[in-house]
Amino acid sequence: MDLCIIGSGYVGLVSGACFAEVGHHVVCVDNDQRKVDALQAGKIPIYEPGLEELVHRNVAAKRLRFTNSIEDGLDHSQVLFIAVPTPPQADGSVDLTYIERVAREIAAVLKPGQYRVVVDKSTVPVKTGEKVADTIKRYNKNAEFDVVSNPEFLREGCAVPDLMNPDRVVIGSASQRATDLMKQVYEPFRAPILVTDVNSAELIKHAANSFLSLKISYINAVAAICEASGADVEMVADGIGMDKRIGRNFLNAGLGYGGSCFPKDVKAFIAISRQLGTPFTLLEEVERINTQQLSRYIDKVRDALWVLKDKKIAVWGLTFKPDTDDVRNSVAIDLVNRLVAEGAQVSAYDPKGAEKAVEWGLIDPAKVKLTATPLEAVVDAEALLLATEWPEFANQDFSQVKEKMHTPLVFDGRNLFNPETMKDLGFTYYAVGRPSH
Ligand code: UDX
């Protein structure tokens, strides 16, 4: 099929590459000419395992190309996917100005007799599809189109496999013609397809991400009780997770959830529920527990070191989770900045995130020493704080780590290390929701 993706960010670019990989012809549109130029020159603006090869292979096979023109994309495609940003506003509600602009741009170039399916892939509040349809109609009375909601559930760091093998594909549609075309788009993926009305599909995305956030806050609240009672949250999570109705996934206690989706989507769902007159107050507690999690962790560090001012502290990890270079809304970055604010001398190492953390102004390199290796970060440190569970941190030579540190104190914010091993190596070890040694 001929497909157009409007917006070549994480969701748009990975979706475009994966659609091309299964044999569709895809035009990716972006209004940022520099991005289009880079993509045309074979440069991938984001780090995502497997993406670069996928893009190169499909460009070479002439199934994938990049342009800055919506008209070009629209003229050559039956189905148009909108994958532009929907950032949060100060009050937590979603900024829909990019979506609205794209709707107007589509209206401006849709020609009579050109039936198109306009698919919203960006995460949007319920009822956005109705507004997109109204907008296109308002700006182009003769437009022939249907609006479909097709939320994307990919995770950063495993976006390609998630897209190639989705748990489910949700198609929110009120038109059989559009539904049939969408089924054709997804047929090669051989995934379960759920067809719903447009509003339900939009709600599914916010409800799913809020539920996963709730699971994380739930286990973090249990971790606090474990700490107070001497129980071990890992064992508790295993025990409750063996119940198939609950499941072990997303029951990892730690510093809380971050990233560009969960914090934003929980806030958005709270705002949507309030706007609809049905406040979802449970989610306010989910947020509160998440914020508290980092404060509880810093309290623990302060309890051990007493005053943080002038203390040399090493932090491992800056990204919001492993296998990504994304540092947006990263709890690790908040941690570093809160330590700096208390006057600590922080050395930090991250395998992929340091450059972007500086480039995006999230870390001040004049105040934080960014090192090239994990070992360099711990030199003379009075404590090592693990903030992101990159696998390479588990494989360090800890006798060397101990030797280089001033005091062998480890605060494992993601329960990555084995407490017994750390104890045997001579570290004083603090985990989240597990007894300290
Ligand atoms: C998430 C959703 O998983 C995905 O379906 C949606 O499309 C976008 O949002 P992503 O933001 O890439 O994906 O990250 P994810 O792997 O879900 O992790 C989110 C955050 O939760 C991370 O900060 C992670 O460290 C944290 N987390 C996750 C926990 O603290 N504990 C867990 O058990 C799982």
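Read the numbers this way: they start at 1 and go in the same order the structure lists the ligands and their atoms. All of these numbers come straight from a predicted model, not from anything done at the bench.
Lys131 has no carboxylate O lying under 4.0 Å from a charged side-chain N of Glu100, or vice versa, which leaves the two without a salt bridge.
Remark: the backbone N or O of Ala20 is paired with a side-chain donor or acceptor of Arg63 at under 3.5 angstrom. When atom types are taken as modelled, the side chain of His24 and the backbone of Met1 share a donor-acceptor pair closer than 3.5 angstrom. Put simply, the side chain of Tyr429 gets close to the backbone of Phe417: a donor and an acceptor are under 3.5 Å apart.
Both tests pass for Arg168 against the ring of Phe153: distance under 6.0 Å to the centre and angle within 45° of the axis.
For the side chain to side chain contact (heavy atoms under 4.5 Å, CB included) criterion with Ser149, the lone passing option out of Val198, Asn199, Val119 is Val198.
A heavy-atom cutoff of 4.0 Å around ligand 1 is satisfied by the protein residues Glu152, Phe153, Leu154, Arg155, Glu156, Lys205, Asn209, Ile216, Phe250, Leu251, Asn252, Gly256, Tyr257, Gly258, Cys261, Phe262, Phe320, Lys321, Arg414.
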